[in-house]
2 protein chains.
Amino acid sequence: MERLPIGEAARRLGLAPSTLRYYDERGLVRPAGRVGGRRVYGRQELRRLAFLQIAQRLGIPLQAAGEVLDAPGERWRKGLEEQIAALDELIARARGARDFLVHARDCPAEHPARECPVMVGLLDRMVDGTPFEQIAAEHHPS
Amino acid sequence: MERLPIGEAARRLGLAPSTLRYYDERGLVRPAGRVGGRRVYGRQELRRLAFLQIAQRLGIPLQAAGEVLDAPGERWRKGLEEQIAALDELIARARGARDFLVHARDCPAEHPARECPVMVGLLDRMVDGTPFEQIAAEHHPS
DNA sequence: AAAGCGGTTCAAGCCGACTTGAAGTCAAAT
DNA sequence: ATTTGACTTCAAGTCGGCTTGAACCGCTTT
C-alpha cells in the first residue's frame, strides 16, 4: 500500500504541494495519515483529488464538489442529479455559444460584433431580456 | 435613439449598476457618453455587455472577451478560433463528465466514489497521469 | 560540520470580479 | 423647503482559490 508524501502526490495530479496543504486545511482532502509529522496520501485521497479536479475544471466550486463526495447514499445521488442537470445546461449553452462564434467567424463583416445582422440580432435579444440559455436552446434543440 | 441611464441598462442585462461602473473603470464597456456627468448607454454598449455576459458564463475571463471584441478583422477571427477550440474542449470534457456522473448515479454501490469499480478505475487513471480530457474523449469520441 | 532537500506552521499577499460604504450632486415630487 | 431617488467618486472590503515568505525541523549527502 503506497503512501506518498505530499510532493509526490501533488506531482501525480499536477498540483502544487501548497494546494494539497490548503485542501487539508479546508478539510476537503485530508491526508491518509502522518509519518513523522509529514502528510502521506493513499489511493483514496488521490482519487478524491482527481474527483475534485474534474469538478473544478467544470466550474463546480470545491466546496460543493467536496460535499457531493462526502454525502451518503441518497444525498449523494441527489447531489449528482443536480450536477448532471448543471452539466446539461452548460453543454447546451456551450453549443449555442459555439454556433454563435462559428457564425461570427464566418461572417464577412469587418467587425461582426457591430455589423453582422445575425450576431447583432442575437445580442439584441439578450439585451431585451431573452436569456441566453433560451436562445442557445432554440438554435440547438436537445 | 434611446440612451439609457446606468440603472436601466443594468436592469436590462440583469447586472448591478456597480458592475457597469466597474466595467467602465476597467475599460471593458464604456458608456456611449455622459449627460450631466451621468453615464448613458446605447445599443452598442448593451450589445457589448450581452457579449461579455455570454463569454463570462462560459468561463472566459472578461479581459480576454473584451480583447476579442475589440480586435479588428484578422485578429478578431483568430481570437474566435481560439474560443471555438476552447468551447469544443469544454463540451467534450463536459460530456465525458456527464457520462461519468450518470454512471455514478446509477451505480448500486453505497459510496460510488469509493466502491464503484468504473468510477474508481477512472479516477485511478487520472491519478496515474492520464488527462481527463483524454478519458472524456475516449468515452465520447467526437 | 555544513549544505541541500523536502517537508512543517503560520501569516500575509494576490488575482479576478465585484460589492459596499461614505460623502456629495442634481432634479423631480411632496 | 425638504425629502426621495438615482446618480457621481473614491476607498476599502469580500470571496474563492491559492501562492509566497519566513522560520524551523530532520535526514542524507558532501
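Because the structure is a prediction, the values reported are computed rather than measured. Quick note on labels: first sequence line is chain A, next is B, and so on, each numbered from 1.
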Rounded to the nearest Å, what distance is computed from the OH atom of residue B:Tyr41 to the P atom of nucleotide D:dA6? 17 Å
B:Glu25 CD to D:dT9 C1': how many Å, rounded? 10 Å
Check whether any side-chain nitrogen or oxygen of B:Gln53 sits under 4.0 Å from OP1 or OP2 of C:dA17, and answer yes or no. no
Distance-minimising heavy-atom pair for A:Leu13 and A:Gln53: O-NE2, 3.0 Å
Using only side-chain N and O atoms of A:Arg26, determine if any of them is under 4.0 Å from OP1 or OP2 of D:dC15. no
Starting at CZ of A:Arg11 and ending at P of C:dG7, how long is that distance when rounded to a whole Å? 11 Å
Check whether any side-chain N or O of B:Arg21 sits under 4.0 Å from OP1 or OP2 of D:dT9, and answer yes or no. no
Audit row: B:Leu20, B:Arg39, side chain to side chain contact (heavy atoms under 4.5 Å, CB included) steps and yes/no: CA-CA 10 Å; B:Leu20 299 205; B:Arg39 292 164 179 89; over 6 Å; no
The salt bridge (Lys or Arg N to Asp or Glu O under 4.0 Å) partner of B:Asp124 among A:Arg43, A:Arg12, A:Arg48 is A:Arg43
B:Gln56 side chain, from C-beta outward: closest of C:dT19, C:dA17, D:dG17: C:dA17
Calculate the interatomic distance between B:Arg39 atom CZ and C:dT25 atom C1'; express it in whole Å. 14 Å
Start with the C-alpha distance between A:Glu25 and A:Arg21, add both sets of side-chain angles, then the distance that settles salt bridge (Lys or Arg N to Asp or Glu O under 4.0 Å), and finish with yes or no. CA-CA 6 Å; A:Glu25 189 180 306; A:Arg21 281 184 209 110; over 6 Å; no
Ignoring the backbone of A:Arg38, work out which of D:dG26, D:dT8, D:dG17 is nearest its side chain. D:dG26
Using whole Å, report how far CG of A:Asp24 lies from C1' of C:dT9. 12 Å
Between P on C:dT19 and CG on B:Leu15, what's the gap in Å once rounded to a whole number? 8 Å
Please determine if a side-chain N or O atom of B:Thr19 lies less than 4.0 Å away from the OP1 or OP2 oxygen of C:dT19. yes
For C:dC18, does OP1 or OP2 lie under 4.0 Å from any side-chain N or O of B:Ser18? no
Determine the contact category for A:Pro17: base if any of its heavy atoms lies under 4.0 Å from a base atom, sugar-phosphate if only primed atoms, P, OP1 or OP2 are that close, otherwise nothing. nothing
In whole Å, what is the span from the CD1 atom of B:Ile60 to the P atom of C:dA17? 12 Å
Between A:Lys78 and A:Glu81, does any NZ, NE, NH1 or NH2 come within less than 4.0 Å of an OD or OE carboxylate oxygen? no
Taking the side chain of A:Ile6 as heavy atoms from C-beta outward, which of C:dT8, D:dC18, C:dA17 is closest to it? C:dT8
In whole angstrom, what separates A:Leu20's CG from D:dC18's P? 10 Å
Kindly say if B:Tyr23 contacts the phosphate of C:dC18, meaning a side-chain N or O under 4.0 Å from OP1 or OP2. yes
